[in-house]
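Order of the sequence lines sets the chain letters (A, B, ...), proteins ahead of strands, with each chain counted from 1.
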2 protein chains.
Amino acid sequence: MNVGKAVTLGDVASVAGVSLSTASRALSGGGRISEETRQRVKDASDRLGFQPNALARSFALGRSQTIGVLTQNASGVFTAPVLIGATMELGRNNQALLIRDARFDAATLTENVARLQARRIDGVVMIGDGLSYSVPSVTSLFRVPVTYAFGLTSERDDVSFNPDAEMAGRLAAEHLMDTGRRRIAHITASLDDPAARGRAKGFGDAMAERGLSPVGERPLAGDWTFGWGVEAAARLLASGTEVDAVFCGNDQIAFGAESAIRAAGLEVPRDIALVGVDNWEAMVTEGAARLTSIDPCLQDVGAAAARALLSTDGVLPGVNLVPCRLIVRSSTTS
Amino acid sequence: MNVGKAVTLGDVASVAGVSLSTASRALSGGGRISEETRQRVKDASDRLGFQPNALARSFALGRSQTIGVLTQNASGVFTAPVLIGATMELGRNNQALLIRDARFDAATLTENVARLQARRIDGVVMIGDGLSYSVPSVTSLFRVPVTYAFGLTSERDDVSFNPDAEMAGRLAAEHLMDTGRRRIAHITASLDDPAARGRAKGFGDAMAERGLSPVGERPLAGDWTFGWGVEAAARLLASGTEVDAVFCGNDQIAFGAESAIRAAGLEVPRDIALVGVDNWEAMVTEGAARLTSIDPCLQDVGAAAARALLSTDGVLPGVNLVPCRLIVRSSTTS
DNA sequence: TCGCGGTGCGCAATCGCTTGCTCGAATCGC
DNA sequence: GCGATTCGAGCAAGCGATTGCGCACCGCGA
């Protein structure tokens, strides 16, 4: 018996007075084993403080308990939470991960794939950059399952997880209507942006369902900046249109809008309520009114993609939408 | 020979007409091998596209090529970049990582340590929460090296990596003096906070070295918020003290200060230049003047801690300070 | 010519665990 | 009561690499 070294399954077996294979089966659950023997082995295992050598196990099984993670832009403001969500979910399930930056020139790609294959990874999570929502499909390069987070591929059957943009719009609209607002405008980025489009649609749909319609024929579409928020809100106020709430496509726009509203001598939320999207700590807690915002739950997006690799139960091919969450603060309720 | 399966070292050996052991030595560099044989094996390896099974290799070597990562608060605004920095650095070096949330109740700790040990990890990076800068020492729990990022332990010899707060203060002061400012005030959080204290010290030292001293006897110490920035700046202006620049302890304070300065009818940077700390995307690019800020390079902090595990060259026990970087924007130069 | 040291390479053990197959014993059915 | 099942457990073969040891062969000096 080993002394001073890690205790192996062999030690457990000999203490329990059974063979190695029996000990293995007793602990891992498989095979036909009498309850009594199983218990005896378990006792021995506990008594010796047996820690199975995960490395050896992985080796024998041919599975590494390791998931490959390919990122396009790991340090991006939006992608970081996705990465972290995936990371933590894998950690919780005792999966190691091997991260590689997925630069997509052919040589690097080959190299990345080879490295992952060499580690006999059990699956791959590909994390998009969340901007274009467009990600190259790498599914066919691997023999193991691949899921995508925060991006769409051109392959219809690729399993991807993305924030539910329409839901964000709905939540915002419903919350504003619930708090008594009726004249709601929408300031957002260009509708060429899928996220902006989705939010606008959910917003419009939710209002329509209650027989209302947004202020203005179309959303005020510009870009995602503070500056655009200022400009659009100012324009809106100057037009004389009656408005009692603005749904802003993101927090920066909302922050800009707030600034314009205050500059016009109005108050948030008394005169105009504001809802943003992104729930961006740095923004939402600053400013005079703390901003009600839709949290896209990006960590959940990453976590969902990771989870889909660990258990395929209930995972459908195609695009899966991850729900977002409304965080109410003082920009909509006094 | 295997068909349709991954090619093994055995395949390479038989193609090269040598034994397994010779092939191994030829590829891994050790042992006495004639140059000719080595070349023959390498050719065969290339021709077959041999990818060594990293899992088997790890197993045989007893090293897993996996690093354990313990986090205290993975999703924190400040800790996330540190985690990502460590993560990416490990990925670049083909180290897998196994993340566990380091809750420090006894049971969870034991469990975490056991899980990591079971995977035969080669090292541990412990990532602090960056707030208290105080992290429990876990070095003695592992037989493998442990480094700390973004936190300090009570053990003098623990290898830790932290942002260089004094340098942040120095960089700010020097930049402001370089651009002609002389009457520089400092608005920051409570000096009980080590980061605030360090920045204030570096700031004061750098000014003293040029025969100047900060405006006011002591920094205006409050908290890290926008609100405090507004208040402190307003107070400063109201006091009538001559001021041509303010070094703010973080970006939120700076953003608040800018707001107060503009409210007083002054202009940034014409009348008063502003420097923040954190280089927080969400803040620095908004507002009228884009904010000059000190980037604490948190990713570098994580990366440094990771790197110290991979190669101990030049790593000193104790606290290692990671340099920060000045990012010049329009709040200090017109 | 013999002996010796050094060089190049292969044999076989090893790492710790999983698993297909086999075998003995106990149980069951007729 | 005896053959047919079934159940429990062990044997031994992998998994794919690394590595200590020994063997054959070479060249050189005596």
Side-chain angles (χ1 to χ4, degrees), chain A residues 1-42 44-45 48-66 94 117-122, chain B residues 1-42 44-45 48-66 94 117-122:
Chain A
M1 171 156 359
N2 284 320
V3 178
K5 301 185 57 181
V7 0
T8 74
L9 186 58
D11 299 334
V12 174
S14 71
V15 165
V18 297
S19 75
L20 239 147
S21 38
T22 302
S24 169
R25 281 188 264 255
L27 294 179
S28 64
R32 296 181 302 204
I33 296 270
S34 70
E35 193 47 45
E36 185 216 328
T37 309
R38 182 186 306 275
Q39 203 42 251
R40 194 145 42 89
V41 173
K42 282 195 170 151
S45 161
L48 270 60
F50 170 63
Q51 292 290 344
N53 181 335
L55 217 50
R57 175 168 215 279
S58 298
F59 177 47
L61 259 50
R63 278 177 287 116
S64 57
Q65 309 239 80
T66 298
N94 286 308
Q117 303 277 28
R119 292 286 288 243
R120 302 295 190 269
I121 46 156
D122 302 332
Chain B
M1 171 153 3
N2 284 320
V3 177
K5 300 185 56 178
V7 0
T8 74
L9 186 58
D11 299 334
V12 174
S14 71
V15 165
V18 298
S19 74
L20 239 146
S21 38
T22 302
S24 169
R25 281 187 265 255
L27 294 179
S28 63
R32 298 178 303 206
I33 296 271
S34 71
E35 193 47 46
E36 186 216 327
T37 309
R38 183 186 306 276
Q39 203 42 250
R40 196 147 38 91
V41 173
K42 282 196 171 149
S45 161
L48 271 59
F50 170 62
Q51 291 290 346
N53 180 335
L55 216 50
R57 176 169 215 279
S58 298
F59 177 50
L61 260 50
R63 279 177 287 113
S64 58
Q65 309 240 78
T66 299
N94 286 309
Q117 303 276 29
R119 293 285 286 243
R120 301 296 189 268
I121 47 158
D122 301 333

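For C/dC17, neither phosphate oxygen OP1 nor OP2 lies less than 4.0 angstrom from any side-chain nitrogen or oxygen of A/Ser21. An OP1 or OP2 oxygen of C/dC9 is reached within less than 4.0 angstrom by no side-chain nitrogen or oxygen of B/Thr22. Taking side-chain N and O atoms only, A/Ser24 has no distance below 4.0 Å to OP1 or OP2 of C/dC17.
Atom CZ in B/Arg119 sits about 15 Å away from atom C1' in C/dC17, given to the nearest Å. What separates CZ of B/Arg32 from P of D/dT19 is a distance of 15 Å, to the nearest Å. We find that CZ of A/Arg63 is positioned 16 Å from P of C/dC17, with the value rounded to whole Å. C/dT7 atom P lies 17 Å from atom CD of B/Glu36, rounded to whole Å. Atom-to-atom, CG of B/Asn53 to P of D/dG14 comes out at 17 Å; the value is rounded to the nearest Å. With rounding to whole Å, B/Arg120 atom CZ is found 13 Å from C/dC15 atom P. We find that CZ of A/Arg38 is positioned 10 Å from P of D/dA9, with the value rounded to whole Å. B/Glu35 places its CD atom 14 Å from the C1' atom of C/dT7, with the value rounded to the nearest Å.
No hydrogens or angles were tested; on distance alone, a donor-acceptor pair under 3.5 Å links the side chain of A/Arg25 to the base of D/dG10.
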Kindly determine whether B/Lys42 and B/Gln39 satisfy side chain to side chain contact (heavy atoms under 4.5 Å, CB included), including the steps that lead there.
-> CA-CA 5 Å; B/Lys42 282 196 171 149; B/Gln39 203 42 250; 4.1 Å; yes

Starting from the C-alpha separation in whole Å, work towards a yes-or-no answer on side chain to side chain contact (heavy atoms under 4.5 Å, CB included) for B/Gln65 and B/Asn94.
-> CA-CA 8 Å; B/Gln65 309 240 78; B/Asn94 286 309; 5.8 Å; no

Checking side chain to side chain contact (heavy atoms under 4.5 Å, CB included) for the pair A/Leu9/A/Leu27: CA distance, chi angles, key distance, verdict?
-> CA-CA 10 Å; A/Leu9 186 58; A/Leu27 294 179; 3.8 Å; yes

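Comparing A/Ile33 and B/Leu9 by the nucleotide of DNA chain D whose heavy atom lies nearest to each, the residue mapping closer to the 5' end is A/Ile33. Nearest-nucleotide assignment on DNA chain C puts the 5′-proximal partner with B/Ala23, out of B/Ala23 and A/Leu20.
Judged by distance alone, with hydrogens and angles left aside, the side-chain atoms of B/Ser45 form no donor-acceptor pair with the main-chain N or O of B/Phe50 at under 3.5 Å.
Of the candidate nucleotides D/dT18, C/dG16, D/dC11, D/dC11 has the atom nearest to the side chain of A/Ser19. With C/dC17, D/dA17, C/dC9 as the choices, the nucleotide that has an atom nearest any side-chain atom of A/Ala60 turns out to be C/dC17. Relative to the side chain of B/Thr37, the nucleotides C/dG16, C/dC9, D/dA9 differ in distance, and C/dC9 lies closest. Across D/dG16, D/dT19, C/dG16, the shortest atom-to-atom separation from the side chain of B/Leu61 is found for D/dT19.
Residue-level contact check: B/Arg57 touches the backbone only, with heavy atoms under 4.0 Å from sugar-phosphate atoms and none from bases.
The local environment of CZ in B/Arg40 is crowded, with over 12 non-hydrogen atoms from other residues, nucleotides or ligands closer than 6.0 Å.
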